[in-house]
Number of protein chains: 2
Amino acid sequence: METKIFRNFLGEKGLKPTKERIAVLSEVFSFHGHFDPEYLYLRIKDAGSKASRASVYRTLSLLVECGLVKKVTRTEKGNIYEHTYGHSHHDHMICDACGEIIEFYSEKLENLQDEICAENSFAGSTHTLEIRGHCKKCRTKQS
Amino acid sequence: METKIFRNFLGEKGLKPTKERIAVLSEVFSFHGHFDPEYLYLRIKDAGSKASRASVYRTLSLLVECGLVKKVTRTEKGNIYEHTYGHSHHDHMICDACGEIIEFYSEKLENLQDEICAENSFAGSTHTLEIRGHCKKCRTKQS
DNA sequence: AGTTAAATTGCAATTCAATCTCAGTTTCAG
DNA sequence: CTGAAACTGAGATTGAATTGCAATTTAACT
Ligand SMILES: [Mn+2]
Ligand SMILES: [Mn+2]
Ligand SMILES: [Zn+2]
Ligand SMILES: [Zn+2]
């Protein structure tokens with residue numbers, strides 16, 4: 001399904017569904033979780049496909065542009081992505097101690113944001129909410 | 001006042017309140033708004049003080065560490081900061097068309113986030129909410 | 001199937017914010 | 001004053017991300 005969406009997107013832009021692009025797409029949707037471009041590049045190699053780092057970066061941009069993938073955050077060491085197709089929107093809590101990422105979703109929170117946008121005559125299209133702190137595990141460990 | 005806080009912080013860490021560090025501090029608090037390290041570096045030079053780029057970067061880290069300054073976001077072109085001392089917490093809406101940054105605050109939103117953290121046994125300490133979309137001006141311009 | 005223009009690829013070169021190195025300089029406790 | 005420790009600036013370095021380009025691949029049209 002995501003393949004179909006991607007092919008459609010490429011077609012409309014006069015771009016071609018090359019093996020490399022499809023390899024990146026497949027790998028992105030072969031697992032659930034967050035990843036950076038380098039990790040993806042290595043996984044593609046492991047999987048027996050081939051795509052240069054340049055192609056991985058280039059394809060990742062296309063995937064973001066067509067909405068199948070989302071840039072989660074930007075760390076000191078580079079961008080973090082996740083595939084979004086097939087997953088509903090959510091935000092993140094990140095533990096400063098162990099790095100664990102907890103995903104959450106709140107209808108109330110989403111509605112409240114819409115209200116706030118309206119109050120400011122702002123047409124919000126996306127948002128990123130990142131709560132930092134300490135997870136349960138690291139919280140107890142501290143004592 | 002912020003000078004006092006910074007000097008205290010430095011003292012406790014066995015660091016010295018050099019002219020360069022104070023020049024960075026002063027410049028950071030000489031205006032209200034968002035800035036990147038390069039912009040700050042140039043402003044300091046304009047102001048007649050001197051501090052190398054290296055010192056600007058190094059001091060900025062210290063200011064963040066002691067809580068006087070906050071990293072607002074990380075763009076393609078680098079980090080964006082703002083001073084926080086003397087300003088209450090707020091979040092941002094960023095226009096994808098013109099780059100305008102609208103600051104907002106909602107008590108409800110903050111409380112809701114606390115609730116969500118509690119539900120997840122997460123001890124949240126900070127958060128960043130960035131809503132992207134189009135501001136009023138750019139919205140009308142589109143038609 | 002063959003031709004061809006346009007798109008794509010991978011590699012290496014490049015960019016650029018951020019960090020680091022280190023020799024000379026400054027600070028300040030004693 | 002003096003000296004050990006902290007600092008500084010200039011330039012080198014890093015590393016993620018982007019880009020130039022010659023060779024290759026794709027696919028639309030015979
Ligand atoms: Mn996620
Ligand atoms: Mn702000
Ligand atoms: Zn943790
Ligand atoms: Zn705008």
Side-chain angles (χ1 to χ4, degrees), chain A residues 3 6-28 34-45 47-66 69-81, chain B residues 3 6-28 34-66 69-82:
Chain A
T3 308
F6 192 40
R7 280 176 182 277
N8 252 38
F9 170 81
L10 291 175
E12 278 167 21
K13 296 202 76 176
L15 304 178
K16 294 169 180 174
T18 62
K19 334 181 204 356
E20 288 82 1
R21 283 177 179 155
I22 300 303
V24 173
L25 174 73
S26 306
E27 201 54 38
V28 164
H34 303 125
F35 63 90
D36 62 37
E38 181 66 14
Y39 175 71
L40 186 62
Y41 167 71
L42 294 175
R43 274 190 67 115
I44 289 168
K45 247 166 102 173
S49 311
K50 76 179 192 29
S52 66
R53 254 174 269 261
S55 287
V56 170
Y57 276 100
R58 288 190 279 232
T59 305
L60 227 28
S61 293
L62 291 173
L63 289 171
V64 169
E65 193 184 334
C66 85
V69 169
K70 184 167 165 294
K71 203 175 281 184
V72 173
T73 189
R74 194 182 283 271
T75 69
E76 317 297 317
K77 296 274 126 208
N79 293 327
I80 305 289
Y81 298 86
Chain B
T3 308
F6 192 40
R7 281 177 182 278
N8 252 36
F9 169 81
L10 292 175
E12 279 168 20
K13 297 203 75 174
L15 304 178
K16 293 168 181 174
T18 63
K19 334 180 203 353
E20 289 82 1
R21 283 176 179 156
I22 299 304
V24 173
L25 173 72
S26 305
E27 201 55 38
V28 164
H34 304 123
F35 62 90
D36 60 38
E38 179 67 13
Y39 175 70
L40 186 63
Y41 167 71
L42 294 174
R43 273 190 67 114
I44 289 168
K45 246 166 103 173
D46 272 4
S49 310
K50 77 178 192 25
S52 66
R53 255 175 270 261
S55 288
V56 170
Y57 276 100
R58 288 190 278 231
T59 306
L60 228 27
S61 293
L62 291 173
L63 289 172
V64 168
E65 195 185 332
C66 86
V69 169
K70 184 169 166 294
K71 201 176 282 184
V72 173
T73 188
R74 192 183 284 270
T75 69
E76 317 296 319
K77 297 275 127 210
N79 293 327
I80 305 289
Y81 298 85
E82 69 184 357

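Per chain, numbering begins at 1; letters A, B, ... match sequence-line order. Predicted, not measured: the structure shown is a model, and the values here were computed from it. Atoms considered below: every heavy atom in the structure, side chains included; atoms not considered: hydrogens, waters and symmetry mates.
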K.L.:
Take V28(A) and L40(A) through the test side-chain contact (heavy atoms from CB on, under 4.5 Å) and record every step on the way to the result.
P.N.:
CA-CA 7 Å; V28(A) 164; L40(A) 186 62; 3.6 Å; yes
K.L.:
Between C1' on dT25(D) and CG on L10(A), what's the gap in Å once rounded to a whole number?
P.N.:
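So the two atoms are 15 Å apart, to the nearest Å.
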K.L.:
What pair of heavy atoms forms the shortest contact from A51(B) to Y41(B), and how long is it?
P.N.:
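Minimum heavy-atom contact is O-CE1, 3.2 Å.
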K.L.:
K13(A) has an atom NZ; how far is it from atom P of dA7(C), in whole Å?
P.N.:
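Result: 12 Å.
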K.L.:
Hey, are E65(A) and K13(A) close enough for a salt bridge, meaning a charged N less than 4.0 Å from a carboxylate O?
P.N.:
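So E65(A) pairs with K13(A) through a salt bridge.
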K.L.:
Send over the distance from F35(A) CZ to dA16(D) C1', rounded to a whole Å.
P.N.:
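Value for this atom pair: 16 Å.
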K.L.:
Counting only side-chain heavy atoms from C-beta out, which of dT9(C), dA27(D), dG9(D) sits nearest to R58(B)?
P.N.:
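Of the options given, the side chain of R58(B) lies nearest dG9(D).
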K.L.:
What is the distance from CZ of R74(B) to C1' of dA17(D), rounded to the nearest Å?
P.N.:
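Value for this atom pair: 14 Å.
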K.L.:
Send over the distance from R7(A) CZ to dT26(D) P, rounded to a whole Å.
P.N.:
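So the CZ-P distance, R7(A) to dT26(D), works out to 12 Å.
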K.L.:
Just compare dG10(C), dC16(C), dG9(D) and give me whichever is closest to any side-chain atom of E20(B).
P.N.:
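Given the options dG10(C), dC16(C), dG9(D), the side chain of E20(B) is closest to dG9(D).
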K.L.:
Report the distance from atom CG of L40(A) to atom P of dA17(D), rounded to the nearest whole Å.
P.N.:
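It works out to 12 Å between those atoms.
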K.L.:
Find the distance K50(B):NZ to dC7(D):P and express it as a whole number of Å.
P.N.:
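Rounded to the whole Å, the gap is 15 Å.
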K.L.:
Is N79(A) near enough to dA17(D) that one of its side-chain N or O atoms lies under 4.0 angstrom from OP1 or OP2?
P.N.:
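Looking at the OP1 and OP2 atoms of dA17(D), one of them is under 4.0 Å from a side-chain N or O of N79(A).
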K.L.:
Taking only side-chain nitrogens and oxygens of Y57(B), does any of them come within less than 4.0 Å of OP1 or OP2 of dA18(C)?
P.N.:
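So the side-chain polar atoms of Y57(B) do come within 4.0 Å of the phosphate oxygens OP1 or OP2 of dA18(C), strictly under.
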K.L.:
Considering only dA7(C), dG10(C), dT8(D), which nucleotide approaches the side chain of L15(A) most closely?
P.N.:
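Ranking dA7(C), dG10(C), dT8(D) by closest atom to the L15(A) side chain puts dA7(C) first.
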K.L.:
Distance check: side-chain N/O of R21(A) vs OP1/OP2 of dT8(C), anything under 4.0 Å?
P.N.:
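Indeed, a polar side-chain atom of R21(A) lies that close.
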K.L.:
Taking it one step at a time, do S61(B) and R58(B) satisfy side-chain contact (heavy atoms from CB on, under 4.5 Å)?
P.N.:
CA-CA 5 Å; S61(B) 293; R58(B) 288 190 278 231; 6.0 Å; no
K.L.:
Would E27(B) and K45(B) pass as an ion pair if we require N to O under 4.0 Å?
P.N.:
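Salt bridge flag = no for K45(B) with E27(B).
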K.L.:
Below 4.0 angstrom from OP1 or OP2 of dT27(C), is there any side-chain N or O of K19(B)?
P.N.:
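Affirmative; the distance criterion is met.
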K.L.:
Quiz question: going by heavy-atom distance under 3.5 Å, is there a donor-acceptor pair between the base of dT27(C) and the side chain of K16(B)?
P.N.:
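Such a pair exists between side chain and base.
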K.L.:
Counting only side-chain N and O atoms of T18(B), is one of them less than 4.0 Å from OP1 or OP2 of dT27(C)?
P.N.:
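Negative; the distance criterion is not met.
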K.L.:
Do the side-chain N or O atoms of S52(B) get closer than 4.0 angstrom to the phosphate oxygens (OP1, OP2) of dT8(D)?
P.N.:
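No, no such contact exists.
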K.L.:
Grab the CD-C1' distance between E38(B) and dA18(C) for me, whole Å please.
P.N.:
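Roughly 12 Å, once rounded to whole Å.
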K.L.:
For E76(B) and for R53(B), find the nucleotide of DNA chain D with the closest heavy atom, then tell me which residue's nucleotide is more 5'.
P.N.:
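Per heavy-atom nearest nucleotide, the more 5' residue is R53(B).
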